[in-house]
Trainee: 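Pasting in a structure now, in structure tokens, and then I'll have a few things to ask.
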Amino acid sequence: MNSTVVFTLMLLPLAGSVFNMAFGRRLKRPFAGVIASLIVVASFVLAVVTWLDLLAKPSNQRVFDFTLFNWISSGSLHLNVGAYVDPLSVTMILFVTGISSLIHIYSIGYMSHDERFSTFFMYLNLFVFAMLVLVLSDNFVFTFLGWEGVGATSYWLIAFWFERPTAAAAGKKAFIVNRIGDFGYLTAVFLLFNYLGSLSYMKVFGSVGQLSHGTVTAIALLFFVGAVGKSAQLPLFVWLVDAMEGPTPVSALIHAATMVTAGVYLMARISPILHLSAGVGTLIAFVGVITAFVAAMAATSQTDIKKVLAYSTVSQLGYMFLGIGTGQYVAAIFLMVTHAFYKALLFLGAGSVIHGLHDEQNIKKMGALRKLMPTTAVTFIVAWLSIAGLPPFSGFWSKGDVLAGAYQKSPILWVIGAVTAMLTAYYMGREVYLVFFGKQRFDPAAKVHESTKVMTIPLIVLAILSVFGGALDLPVSDKFRFLENWLTPVFGNALAPSSMSSLSRLTLGAMDGVFAIVGIGVASALWIRSSSRPGIEPRFLASGWGIDGFYDRAIARSSTKLSESFATVVEVKVIDRATMSMGALVGLAGKYLRKVQSGYIRNYALYISIGAIVILGYFVTRAGA
Amino acid sequence: MTVPGSWYLILSALLFSLGALGFFIRRNILIMFMSLELMLNAVNLTFVTFSRMLGDIGGQTVVFFVLVVAAAEVVVGLGLIVAIFRRRSSATADDLSIFRG
Amino acid sequence: MTDLLAAQTSLPDLVTFLIAGCAVVLGALGVILMRNPVHSALSMIMTLFAVAVLFIEQDAQFLAAVQVIVYAGAIVVLFLFVIMLLGVDKRENLAKDQLRGQRPLAFLAVLVIFVEVLALSNGKWASGAKATVLSTSSPGSNVVQLAKSIFTTYLLPFEATSVLLIIAVVGAVVLVRRSDLKPGHAVEETEDLETESEMK
């Protein structure tokens with residue numbers, strides 16, 4: 001195992017970002033993007049090298065903790081900048097760098113007309129760096145650096161077109177809502193340090209058994225709060241929908257494939273802690289499945305092509321948390337990876353449509369694009385079938401694993417999850433039909449065109465991955481469960497044992513397929529011809545269950561009023577007056593003290609002698625005695 | 001036997017005080033400077049006295065260095081006075097009070 | 001006082017000390033009280049000579065010689081030169097100080113310093129550690145002992161003083177040199193002087 005490789009792949013994107021910061025504007029248009037993309041591809045290659053290295057080792061010796069340098073040493077707190085290389089983190093870096101590479105390449109085409117082309121790639125590279133820090137770090141604080149790093153880059157990228165007030169507001173919203181989650185994360189870290197005296201993964205996971213049940217539960221809950229914020233679960237999911245104001249590749253990379261899965265990764269990473277408090281697991285499972293259902297319902301009524309996908313992402317993340325909560329960590333990671341494939345594909349396809357239609361995002365004003373954008377249409381449909389869970393697409397296998405685990409934990413979870421699966425197939429079908437089928441509803445004069453190769457090739461690659469991604473973990477026989485065999489040593493006994501007979505598994509799988517087909521069938525029946533059905537698109541759902549409005553009334557407005565009163569009363573009467581009077585006091589003192597500065601040397605000498613008198617007096621009275 | 005060391009110390013304290021007094025009350029820069037030299041001499045005398053009382057040549061070594069530094073100081077100080085005098089044609093310290101607060 | 005006199009002090013030493021001590025004090029008073037700077041400088045010579053005598057009295061022959069050569073010989077002459085050069089040998093009115101409160105405060109401060117120094121010289125300070133550098137009872141004359149100390153223990157400071165002297169010389173030259181030798185500053189300088197002389 002070579003630590004240089006690991007740290008190189010982690011630091012390369014940072015170097016790329018710095019390079020673009022310094023020279024990006026002087027480069028001709030595509031080069032900034034090409035360099036950024038090449039760097040991420042290089043990172044991906046190194047990630048593959050690391051993976052192969054790790055694969056060659058026996059499965060019980062696949063954990064490495066590398067230290068780059070000592071970062072903070074303060075009292076009993078010792079933190080390193082280090083990398084924790086194990087099958088889980090390697091899985092993460094593989095798919096993060098892989099998806100990032102594709103989206104970087106795609107962005108070269110998508111952002112080609114943008115004025116701040118190189119700035120965009122600077123942020124994008126910085127994001128990849130932060131994400132790699134998050135997944136590779138070997139302690140909770142360095143992870144937090146990455147955690148905040150992706151938050152900051154996410155903020156910059158959501159508000160990339162900051163001249164639009166909505167984009168700027170959306171960036172702010174994402175940032176503020178995420179702070180709630182960060183509060184949870186930080187408090188959990190404080191607790192860990194307080195009780196265990198260490199924050200490195202190795203030590204914490206080794207000694208977590210010493211903690212009392214209550215403490216473990218509190219820590220797990222607080223980490224879950226952090227994950228809820230980052231991964232947009234109920235009740236903090238509102239920011240993700242607004243985050244769609246960012247450029248579409250950003251939505252694909254950050255708000256679908258990678259950053260929002262950081263919460264899931266964190267939960268998987270702290271599986272030894274979660275394992276010790278069963279109650280939190282149940283809570284996570286329920287929050288996950290309810291989020292999945294609520295978001296899927298909201299997705300059925302959206303008219304913005306990206307907002308459908310945003311709610312869909314929230315919903316799919318809910319599934320991942322369902323997997324975590326039921327102890328099916330491998331299934332959650334499996335779903336995370338396949339979801340990254342097809343959701344990135346959906347977003348990039350949507351981006352291709354938006355690009356082709358000159359920034360039109362309303363699906364009611366699209367239609368019949370199938371013939372004009374054949375590649376986009378085909379890949380988008382592949383992604384739809386995959387997310388719908390139609391066998392043998394990748395979504396079927398991963399979602400099937402999660403649902404089987406949910407059934408094992410509680411049938412209620414399974415029922416909600418299955419209904420949501422049906423809804424997923426339906427709302428994605430609605431989007432596909434409204435965009436690519438039916439009558440042409442956009443301005444016929446618009447020159448609609450298929451996107452360039454630099455954009456369609458990533459689509460094709462992702463489509464292939466979406467189709468065959470299921471091969472990562474086929475439940476056919478133990479031999480084909482690559483991902484499970486690979487990840488099981490990481491989770492150990494935190495992993496819920498499978499107690500299902502192969503018959504019931506088979507039945508569940510068949511039912512999953514049926515649900516997918518039903519969802520697709522309903523969507524086809526309802527939307528293949530028609531473009532408007534107000535009856536099943538209630539405004540209530542279109543506004544995301546009114547949750548945003550509720551937050552606005554309950555929290556935002558009252559706090560605005562409070563802030564205003566602070567601004568007019570406290571600011572003016574207390575703070576201003578205090579600072580002004582401090583200034584006046586100093587001025588008054590100066591008015592009299594300036595007379596001491598007579599300007600006469602003899603006077604100054606006298607003052608000096610008075611100082612000497614005091615010092616001599618000290619010696620006479622104290623030291624001499 | 002020579003006079004006890006404390007007599008010398010009293011004498012040098014007196015010399016130092018007179019030097020300080022001169023520095024505080026005279027306005028002529030040159031005389032202030034001379035007062036400074038008096039104070040230096042008072043300290044030198046103390047050093048030599050202590051050197052004798054403690055039987056250590058170190059005190060005299062310090063005086064040697066003080067003499068050198070005093071010489072250098074006088075050279076630069078008088079140079080400054082000459083330069084100032086050229087500009088203002090007065091040797092009164094009280095005229096140089098532009099740093100008044 | 002009588003104790004001290006009784007304590008085996010030889011008469012010549014006592015007489016020398018008393019005469020030299022009086023000269024020191026009188027010279028110092030002369031420096032600070034004479035209205036004419038030239039007289040002040042001459043009084044200072046008296047003090048410096050008397051201090052040299054006291055040095056000899058305390059077995060510091062080398063320093064006494066240096067005191068006479070450097071102080072009385074060079075430094076005071078330098079003072080006199082400057083006084084003559086600048087023509088400031090006019091009388092100063094000592095009856096009244098323009099700075100309010102300066103004079104009483106000065107007397108008070110000086111008095112306190114004097115008392116404090118006296119108190120200190122009676123304290124344990126005057127009998128600290130003995131002979132840390134080189135004992136005065138070691139072989140060789142005063143000059144040999146001093147040379148040993150300077151050229152062994154204090155070699156580096158000694159070298160540093162040589163640099164200091166060079167800097168002082170260069171500094172004095174730079175300060176005193178008339179800057180109208182420089183073409184750039186010449187005009188400004190002369191104008192300045194002209195306006196000043198006009199003001200007079």
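Because the structure is a prediction, the values reported are computed rather than measured. Every chain is numbered from 1 and lettered A, B, ... according to where its sequence line falls, protein lines coming before strand lines.
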Trainee: With a 4.5 angstrom heavy-atom cut-off, is it the side chain or the backbone of C/T47 that approaches chain B, or both, or neither?
Mentor: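 Contact with chain B: side chain only.
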Trainee: Within this structure, what is the CG-CG distance for the pair B/L30 and C/L86, rounded to the nearest 0.5 Å?
Mentor: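 Spacing of CG (B/L30) from CG (C/L86) equals 7.0 Å.
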Trainee: If you count heavy-atom pairs under 4.5 Å between each of B/L15, B/T46, B/V69 and chain C, which one has the most?
Mentor: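 Most heavy-atom pairs within the cutoff with chain C belong to B/L15.
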Trainee: Heavy atoms only, distances under 4.5 angstrom: which of B/V74, B/V82, B/I10, B/T61 has the most pairs with chain C? Name it, please.
Mentor: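 Most heavy-atom pairs under 4.5 Å with chain C: B/T61.
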Trainee: Apply the test side chain to side chain contact (heavy atoms under 4.5 Å, CB included) to residues C/V51 and B/V48: give CA-CA distance (whole Å), side-chain angles for both, the deciding distance (0.1 Å), then the verdict.
Mentor: CA-CA 10 Å; C/V51 169; B/V48 171; over 6 Å; no
Trainee: Could you tell me whether the side chain of B/R86 and the main chain of C/V176 form a donor-acceptor pair under 3.5 Å?
Mentor: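 Between the backbone of C/V176 and the side chain of B/R86 there is a qualifying donor-acceptor contact (under 3.5 Å).
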Trainee: So which residue, C/G171, C/S149, C/G27, ends up with the most heavy-atom pairs under 4.5 Å with chain B?
Mentor: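 Most pairs with chain B among the choices: C/S149.
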Trainee: Would you give the length of the straight line joining atom OH of C/Y71 to atom CG of B/L67, rounded to the nearest 0.5 angstrom?
Mentor: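 Taking OH in C/Y71 and CG in B/L67, the distance rounds to 6.0 Å.
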Trainee: If I compare all heavy atoms of C/V31 with all of B/R26, which pair ends up nearest, and what's the gap?
Mentor: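 Answer, listing the atom of C/V31 first, then B/R26: O-NH1, 3.8 Å.
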Trainee: Given that the side chain runs from C-beta out, which part of C/A160 has a heavy atom under 4.5 Å from chain B: side chain, backbone, both or neither?
Mentor: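 For C/A160, no heavy atom lies under 4.5 Å from chain B.
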Trainee: Enter the distance from C/L48:CG to B/E37:CD here, rounded to the nearest 0.5 Å.
Mentor: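 Rounded to the nearest 0.5 Å, the CG-CD separation comes out at 8.0 Å.
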Trainee: For C/L54 and B/L11: C-alpha separation, side-chain torsions, deciding distance, then whether side chain to side chain contact (heavy atoms under 4.5 Å, CB included) applies.
Mentor: CA-CA 11 Å; C/L54 292 176; B/L11 179 66; 3.3 Å; yes
Trainee: Could you tell me which non-hydrogen atom of C/V70 sits nearest to which non-hydrogen atom of B/A71, and how far apart they are?
Mentor: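 Answer, listing the atom of C/V70 first, then B/A71: CG1-CB, 4.3 Å.
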Trainee: At a 4.5 Å cut-off on heavy atoms, which part of C/F107 comes close to chain B: side chain, backbone, both, or neither?
Mentor: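 Backbone plus side chain of C/F107, per the 4.5 Å heavy-atom cut-off to chain B.
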Trainee: For the pair C/E57 and B/Y8, evaluate side chain to side chain contact (heavy atoms under 4.5 Å, CB included) and give the outcome as yes or no after the intermediate values.
Mentor: CA-CA 11 Å; C/E57 186 66 12; B/Y8 285 98; 2.8 Å; yes
Trainee: With only heavy atoms counted, which part of C/F158 is less than 4.5 Å from chain B, the side chain, the backbone, both or neither?
Mentor: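 For C/F158, heavy atoms of backbone and side chain both lie under 4.5 Å from chain B.
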Trainee: How far apart are the closest heavy atoms of C/R103 and B/I25, and which atoms are they?
Mentor: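 For C/R103 versus B/I25, the nearest heavy atoms are CG-CG2, 4.0 Å.
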Trainee: What's the separation between atom OG in B/S51 and atom CG in C/N142, rounded to the nearest 0.5 Å?
Mentor: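 B/S51 atom OG to C/N142 atom CG measures 8.0 Å (nearest 0.5 Å).
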Trainee: Against chain C, label B/S12 side chain, backbone, both or neither, depending on which of its atoms sit under 4.5 Å from a heavy atom there.
Mentor: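 Neither the backbone nor the side chain of B/S12 comes within 4.5 Å of chain C.
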Trainee: Less than 4.5 Å to any heavy atom of chain C: does that hold for the side chain of B/L21, its backbone, both, or neither?
Mentor: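 Interface part for B/L21: both.
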Trainee: Among C/I113, C/V76, C/L78, which residue has the highest count of heavy-atom pairs closer than 4.5 Å to chain B?
Mentor: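 Counting heavy-atom pairs under 4.5 Å, the top option is C/L78.
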Trainee: Sort B/F64 into side chain, backbone, both or neither according to what part of it lies under 4.5 angstrom from a heavy atom of chain C.
Mentor: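 Contact with chain C: backbone and side chain both.
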Trainee: Distance from C/L63 atom CG to B/L45 atom CG, nearest 0.5 Å?
Mentor: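 Result: 11.0 Å between the selected atoms.
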Trainee: Do C/L14 and B/W7 come close enough that some side-chain heavy atom pair is under 4.5 Å?
Mentor: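 Yes, side chains in contact.
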Trainee: For chain B, find which of C/V173, C/L164, C/V66 contributes the most heavy-atom pairs closer than 4.5 angstrom.
Mentor: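 Answer, by heavy-atom pair count under 4.5 Å with chain B: C/L164.
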Trainee: Side chain, backbone, both or neither: which part of B/L80 has an atom under 4.5 Å from a heavy atom of chain C?
Mentor: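 Both backbone and side chain.
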Trainee: Could you give the distance from CE (C/M44) to CE (B/M34), rounded to the nearest 0.5 Å?
Mentor: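 If I round to the nearest 0.5 Å, the distance is 5.5 Å.
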Trainee: Would you say C/F17 has more than 12 foreign heavy atoms packed within less than 6.0 Å of its CZ?
Mentor: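 Yes - once you tally the heavy atoms of other residues, nucleotides and ligands closer than 6.0 Å, there are more than 12.
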Trainee: Considering only heavy atoms and a distance below 4.5 Å, find which of B/F16, B/F23, B/F33 pairs most often with chain C.
Mentor: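 Option with the greatest count: B/F33.
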Trainee: Shorter than 4.5 Å, heavy atoms on both sides: which option in B/V68, B/N41, B/L38 has the most such pairs with chain C?
Mentor: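 The option with the most such pairs is B/N41.
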Trainee: Run the numbers on B/I31 and C/I32 for side chain to side chain contact (heavy atoms under 4.5 Å, CB included), then give the verdict.
Mentor: CA-CA 7 Å; B/I31 291 180; C/I32 65 172; 5.7 Å; no
Trainee: Counting heavy-atom pairs under 4.5 Å to chain C, which of B/G19, B/G79, B/A70, B/A13 comes out on top?
Mentor: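 The candidate making the most pairs under 4.5 Å is B/A13.
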Trainee: Apply the test side chain to side chain donor-acceptor pair (under 3.5 Å) to residues C/Q67 and B/N44: give CA-CA distance (whole Å), side-chain angles for both, the deciding distance (0.1 Å), then the verdict.
Mentor: CA-CA 10 Å; C/Q67 170 91 357; B/N44 280 352; 4.8 Å; no
Trainee: Top residue by heavy-atom pair count (under 4.5 Å) with chain B, among C/T161, C/L146, C/V174?
Mentor: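 Between C/T161, C/L146, C/V174, the count favours C/L146.
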Trainee: Please report the shortest heavy-atom distance between C/A106 and B/F24, naming the atom on each side.
Mentor: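 Looking at all heavy atoms of both residues, the shortest contact is CB-CB, 3.4 Å.
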